[in-house]
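Remarks on the structure that follows.
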Amino acid sequence: MSTSGTPQFRYTQTPSKVLHLRNLPWECTEEELIELCKPFGRIVNTKCNVGANRNQAFVEFADLNQAISMVSYYASSSEPAQVRGKTVYIQYSNRHEIVNNKSPGDVPGNVLLVTIEGVEAGDVSIDVIHLVFSAFGFVHKIATFEKAAGFQALIQFTDAETASSARNALDGRSIPRYLLPEHVGSCHLRISYSAHTDLNIKFQSHRSRDYTNPYLPVNPTAIEGITQPAVGPDGKKKEPESNVLLASIENMQYAVTVDVIHTVFSAFGTVQKIAIFEKNGQTQALVQYPDITTAAVAREALEGHCIYDGGYCKLHLSYSRHTDLNVKAYSDKSRDYTIPDANLLAVQAAPGVPAAPPAWQNPQAAPLYPEYSAAAAVHGQVPSGQVPSWDPTMQGGRSTYVSAPGTYPGQNFATSSSIPAYAAVSAVAMPAGSSPLSHTGPLSQPGVPPNVRPVGASPPGQPPYYGQ
DNA sequence: AGCACA
């Protein structure tokens, strides 16, 4: 009772993920701190140079047990914890997390996120980046990409020490002029740490390199280097066509899941991969088809249309710079439908066999399909309490399966006869009061009866036909 | 040598 207030210090401290370190050398660096602590676990945050003498610090481990292991180790060790030869005293902090203004990018790791300001992607080659950063140690991998922030590169070093030496030396500096094209004014490097530890490089290309794996295949389309954007008849830049579409979803009042995207875009051909992400607060999706023709048809048909009735989830489509997406095979934000599967390979990956003839070969099916897509997209299992209200067969939250693939207009061009394309539809919240099946929605065509019984719920989290 | 920052 008497000591239950805020004791100056405690003899028995409750363990915490956060450790308090004192008697550190003056202005001990974060790297030294991490060096000392990382044998015991993953460090998620630090705060150093604390106190009037700037000789205290906090270290937060990912897991409580890691902090406990460090405290226990030094409690019974004959060798005290030391930094630069000074004994460091370690105890549990009386707080349970470090709160500071440090962004994740300040937490050291072996991968740097480099933003090259004031340049376009074509101005700085990956070889120049490699040259500049190799000065600090072996560069394992590089991946470059363009983001809103500008041209960026992820650079993977062996360890955080090498990475931080590069960061300390280069952050805010500029790439030497002689390595740059003449027209580039300044190009300052902004360097932070990435949360990545191992980059997943699929190809050697002008965008990415894996210097640890010389046998990695070269991406034939990507290695050609920087293609100048084609110029259309109006003199405006015309984006190069691609088999990958970038869909921006406007007015996204309702959930747009991978399955929704899959259903909508499957209307025009085999969808190979999907990735959904947020950019500048807007939801976007990358949709990969096997070929440009299919993508072009889908783009033409879907541009400006809405997934749901009422102007919800309006699609804007452009061609992506990607040609082959690198996505998790199955997650809530991505899907890779091309992963080896005996059944699927026959349908989707048989060389020379177009998996899906372009929709324009079937003038009737093309307009029909989007309507179905929209309908199917808003159907499916929903969290309990959010049972869609529009489908009488859905009462009680139960759903029905499509009676037969043959009843499905256009199924012949989207799938093999044995695989209903729309079977992938699983979890989507239905906008209340919106009934795509019974309305002429933006994706609907007049005079088309809603003759398709929407697909039933898939097993939780699994489309029925793709296994893992 | 004994608990910070916004």
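Proteins come first, then strands; the chains are lettered A, B, ... in the order of their sequence lines, and each starts at number 1.
- The aromatic rings of A/Y308 and A/Y254 stand perpendicular to each other, their planes meeting at an angle above 60°, with 30° marking the opposite boundary.
- A/R321 has no carboxylate O lying under 4.0 Å from a charged side-chain N of A/E241, or vice versa, which leaves the two without a salt bridge.
- Nucleotide B/dA6 holds its P atom 15 Å from the CD1 atom of A/I98, rounded to whole Å.
- Remark: aromatic rings of A/Y74 and A/F40 are close, center separation under 6.0 Å.
- Of the residues in residues 28-55 of chain A, those with a non-hydrogen atom less than 4.0 angstrom from any atom of DNA chain B are A/K47, A/V50.
- Atom-to-atom, CG of A/N94 to C1' of B/dC5 comes out at 14 Å; the value is rounded to the nearest Å.
- Between A/E97 atom CD and B/dA4 atom C1' there is a gap of 13 Å when expressed in whole angstrom units.
- Using a cut-off of 4.0 Å between Lys/Arg side-chain N and Asp/Glu carboxylate O, A/E60 and A/K47 are scored as not salt-bridged.
- At a threshold of 4.5 Å between non-hydrogen side-chain atoms, the residues A/V59 and A/L21 count as touching.
- A centroid separation of 6.0 Å or more is found between the aromatic rings of A/H20 and A/Y89.
- Judged as a salt bridge (charged side-chain N to carboxylate O under 4.0 Å, His left out), and not counting sequence neighbours, A/R177 has no contacts.
- With DNA chain B read from its 5' end, the first of the two nearest nucleotides for A/V18 and A/Y89 is the one closest to A/Y89.
- For residues 59-66 of chain A, proximity to DNA chain B is found at no residue, defined as any non-hydrogen atom under 4.0 angstrom from a strand atom.
- When side chains are defined from C-beta on, A/S186 does not count as touching A/E117, because their heavy atoms never get closer than 4.5 Å.
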